[in-house]
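Hydrogens, waters and symmetry mates are skipped; everything else that's a heavy atom, side chains included, is used. Both counts, for ligands and for their atoms, begin at 1 and track the order of listing.
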Amino acid sequence: MEYQNLSIKNEDNILVVTLNRPKSLNALNKQTMDELAYFFGEDNTPKQLAIKGVVVTGAGEKAFVAGADIKEFLGMDAEAGSKLSRKGNDIMFAIERFPKPVIAAVNGFALGGGCELAMACHMRVASEKARFSQPEVNLGIIPGYGGTQRLIQHVGKGKAMELAMTADMIGAAEAKTLGLANHVVPAGEEVDKAKEIINKIAKKAPLAIAKIIECTNAYYEDGANGYEVEINSFGALTRSEDFVEGASAFVEKRKADFKGC
Ligand code: CAA
């Protein structure tokens, strides 16, 4: 697939993915959704081991992503609405389950589907200019890309209900206090901070990082027993070469040289 709305740069083995429709505040239209699905699906499966992680950000001064493209909503019937929501949810799950760290560098408005995209990433670094909201009730709908579920996970039930029902927009500092943003940095430094975190993680054992992602997600997954996922993952990792290397390096008082196998 040729990317039109995503600009992708490989910066020292970190893929910086910029949603690039600044005139529409990077709203998620069909083409952008198709590109996100492709990027977090087929395009990266074979390359996953080769990259350190992914940073997702928005082009322009104003927005990370201002939500689903409202202009494409006109004339949408119930069947198309359900299909759109399912597709959005599938993309967010693909991001959440991506085996390398995915960090949202939230540079401005993260509204509706934009807030949902940020929440599906493993972490969020917010610029001081970031603004978060689930404003769908203003349009007569509800969050449709997993927002009703992930907002609770980040901020708890009462606050999630308040934010989704009032459509209040919150700033970066409040997002951090609520647990929605991991870090707040001066505007323009959010991508660098996200890369700094990914570079730190890249020094650890890659298979263990993938298992951290899997086990953490299991806590929230319907029908999954997170403790069992942890037990099985722990067992699997003790068979890895990196475990032998990590334990040997500790005993020999040297830095481990992990290979991802
Ligand atoms: N979809 C399509 N176009 C959008 C958009 C969106 N979500 N958000 C902004 N734009 C467009 C505007 O239409 C405008 O385009 P034109 O110049 O062609 O008119 C351009 O981006 C700039 O926007 P504004 O002039 O409105 O900029 P502003 O600074 O005055 O306001 C804003 C910024 C507060 C973010 C405002 O644009 C806004 O409220 N946008 C809509 C936010 C929203 O409701 N998002 C939720 C969408 S629904 C959803 O996401 C459902 C889901 O869960 C999947």
(request) Could you tell me how the ring of Phe98 sits relative to the ring of Phe40: parallel (under 30°), tilted (30 to 60°) or perpendicular (over 60°)? (result)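 Geometry flag for Phe40 against Phe98: perpendicular rings.
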(request) Determine, stepwise, if the pair Glu245 / Arg254 fulfils salt bridge (Lys or Arg N to Asp or Glu O under 4.0 Å). (result) CA-CA 10 Å; Glu245 167 63 10; Arg254 60 174 174 83; 2.8 Å; yes
(request) Could you tell me which residues satisfy side chain to side chain donor-acceptor pair (under 3.5 Å) with Thr166, sequence neighbours excluded, listed by chain and number? (result) Asp168
(message) Holding to side-chain contact (heavy atoms from CB on, under 4.5 Å), I want the full list of residues that pass it with Ser240, two or more places apart in sequence or in another chain.
(response) Leu207, Asp242, Phe243
(request) Would you please write out the protein residues whose heavy atoms approach any atom of ligand 1 to under 4.0 angstrom, listed by chain and number? (result)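 The answer is Lys23, Ser24, Leu25, Ala27, Lys62, Ala66, Gly67, Ala68, Asp69, Ile70, Lys71, Phe73, Phe109, Leu111, Gly112, Gly113, Glu116, Pro135, Glu136, Leu139, Pro143, Gly144, Tyr145, counting any residue whose heavy atom sits under 4.0 Å from ligand 1.
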(message) Connecting only ILVMFWY residues whose side-chain heavy atoms lie within less than 4.5 Å of each other, what is the rest of Val251's hydrophobic cluster?
(response) Phe250
(request) In plain terms, say whether Glu174 and Arg131 are close enough for a salt bridge, that is, a side-chain N and a carboxylate O under 4.0 Å apart. (result) no
